[in-house]
Amino acid sequence: MPTRITDGPVPKHEQLRAIIDELISTELSPGDPLPGERALEEAYGVSRITVRRAIGDLVSAGRLRRVRGKGTFVAPAPLVSRLHLASFSDEMRAQRVEASSRILLSERTTPPDAVATFFGTPPTTEHIRLRRLRLGDGEPYAVDDAWYNSILVPDLLENDVYHSVYTLLENEYGLGITEAEQTVTAVTAGPDNAPLLDVTPDTALLHILRYARSGGSNVEYCSSVYRTDRYRLTTRVAREVE
């Protein structure tokens, strides 16, 4: 790897971006700090403007993240969901990322009409709401705002809901999730989710609305928002041959 950047057909900021990207891939791990701007200037003989543009490109690409007052760090690898039925914890575990949660709200209260309709209960029936910040290796990935059918799981909040609720549903209540319908849209973070996910309020997020069932029982209504630089959806499609 060159120690200096030279004049040529490739702009200097692109040369530096490629060098830093290689450094991220071969020598640094998620969460590691990037050398300071002055150190990069001196190491590669470039201006502060060049350094900032290269870093900015890598932040936009999701390779780096800036933490106000602390510096620039290697971003965690994005979680790739293949649109199969799995909990957040299971998806993280499959990609060797440590999942954890911070509970933002847990209560038993009257739900919105859409939730009551899905659960098939009168509008005044109280259900269980659990809002959690979902973390991967300590970094914010998503905010889940979920409702659970209190007729089926009346004491859910008396269990450990910091980890996989799907595991609890299956092991404690015999209500393993067997199918779900999901609607995926784009939303902005807004003033509530932005500080939780460490993004600006106008940042685009992935919004997933899930209706989950166990056999013939409607168990979970969950609205989740994900950082798009840390979570991706992928699926395989095939054309039917007539």
Side-chain angles (χ1 to χ4, degrees), residues 13 16-17 20-21 23-25 27-40 48 51-81 86-107 129-146 161-165 182 184-210 222-234:
H13 75 275
L16 181 59
R17 181 179 63 204
I20 297 174
D21 195 41
L23 182 67
I24 293 169
S25 298
E27 298 184 29
L28 299 176
S29 299
D32 285 349
L34 190 71
E37 292 182 358
R38 182 176 296 278
L40 291 172
R48 180 67 59 90
V51 170
R52 289 181 174 174
R53 185 168 180 183
I55 291 175
D57 287 349
L58 290 168
V59 169
S60 298
R63 296 285 279 163
L64 295 172
R65 65 183 184 91
R66 289 192 178 102
V67 179
R68 189 173 299 129
K70 295 184 178 180
T72 304
F73 299 83
V74 178
L79 176 66
V80 179
S81 173
S87 69
F88 178 85
S89 299
D90 288 340
E91 289 185 329
M92 299 290 266
R93 188 180 303 111
Q95 298 182 54
R96 299 181 181 180
V97 178
E98 183 180 356
S100 60
S101 299
R102 180 158 54 113
I103 295 177
L104 305 171
L105 177 67
S106 60
E107 62 180 354
R129 184 183 183 190
L130 181 62
R131 189 166 184 257
R132 293 177 294 173
L133 176 63
R134 311 309 299 273
L135 307 166
D137 288 338
E139 298 292 338
Y141 273 66
V143 176
D144 285 349
D145 194 353
V161 291
Y162 284 93
H163 298 95
S164 175
V165 172
Q182 294 188 151
V184 182
T185 55
V187 297
T188 55
D192 293 333
N193 290 317
L196 295 170
L197 294 173
D198 193 23
V199 296
T200 59
D202 61 347
T203 299
L205 302 177
L206 194 66
H207 176 231
I208 300 178
L209 182 61
R210 173 181 283 195
C222 184
S223 175
S224 303
V225 288
Y226 291 83
R227 283 186 52 151
T228 56
D229 59 338
R230 295 182 182 170
Y231 190 87
R232 299 174 185 171
L233 291 173
T234 182

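Remember, it's a predicted structure, so these values are computed and weren't measured experimentally. Just so you know, these numbers use all the heavy atoms, side chains as well, and skip hydrogens, waters and symmetry mates.
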If you compare all heavy atoms of H207 against all heavy atoms of S223, which two are closest, and at what distance to 0.1 Å?
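Minimum heavy-atom separation between H207 and S223: NE2-OG, 2.8 Å.
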
Provide the closest heavy-atom pair for S101 versus R134 in the form atom of the first, atom of the second, distance.
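Smallest heavy-atom distance, with atoms named: OG-NE, 2.8 Å.
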
With sequence neighbours excluded, tell me which residues meet salt bridge (Lys or Arg N to Asp or Glu O under 4.0 Å) with [X].
| X | answer |
| --- | --- |
| R63 | D21 |
| R17 | D57 |
| R52 | E37 |

Taking it one step at a time, do I103 and L130 satisfy side-chain contact (heavy atoms from CB on, under 4.5 Å)?
CA-CA 7 Å; I103 295 177; L130 181 62; 4.2 Å; yes

Output the distance between atom CD (Q182) and atom CG (L209), rounded to the nearest 0.5 Å.
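Answer rounded to 0.5 Å: 9.0 Å.
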
What distance separates L28 CG from L23 CG, expressed to the nearest 0.5 Å?
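Going from CG on L28 over to CG on L23, the span is 4.0 Å.
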
Residues which pass side chain to side chain contact (heavy atoms under 4.5 Å, CB included) with [X], listed by chain and number, not counting sequence neighbours:
| X | answer |
| --- | --- |
| S224 | D144, C222, Y226 |
| T188 | none |
| H163 | D160 |

Test side-chain contact (heavy atoms from CB on, under 4.5 Å) applied to V51 and H13, step by step
CA-CA 7 Å; V51 170; H13 75 275; over 6 Å; no

Which donor-acceptor pairs under 3.5 Å do side chains of residues 189-200 form with protein atoms, sequence neighbours excluded?
| residue | atom | partner | partner atom | Å |
| --- | --- | --- | --- | --- |
| N193 | OD1 | R131 | NH2 | 3.0 |
| T200 | OG1 | D202 | OD1 | 2.6 |
| T200 | OG1 | T203 | OG1 | 2.8 |

Does a side-chain heavy-atom distance below 4.5 Å link L64 with L34?
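Touching, per the 4.5 Å side-chain cut-off.
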
One pair to check against side-chain contact (heavy atoms from CB on, under 4.5 Å): I24 and D32. What are the steps and the verdict?
CA-CA 9 Å; I24 293 169; D32 285 349; over 6 Å; no

What do the steps show when you test R48 against R38 for side-chain contact (heavy atoms from CB on, under 4.5 Å), and what is the final call?
CA-CA 7 Å; R48 180 67 59 90; R38 182 176 296 278; 4.0 Å; yes

As a quick check of understanding, evaluate salt bridge (charged side-chain N to carboxylate O under 4.0 Å, His left out) for R129 and D145, giving each step before the final call.
CA-CA 7 Å; R129 184 183 183 190; D145 194 353; 2.8 Å; yes

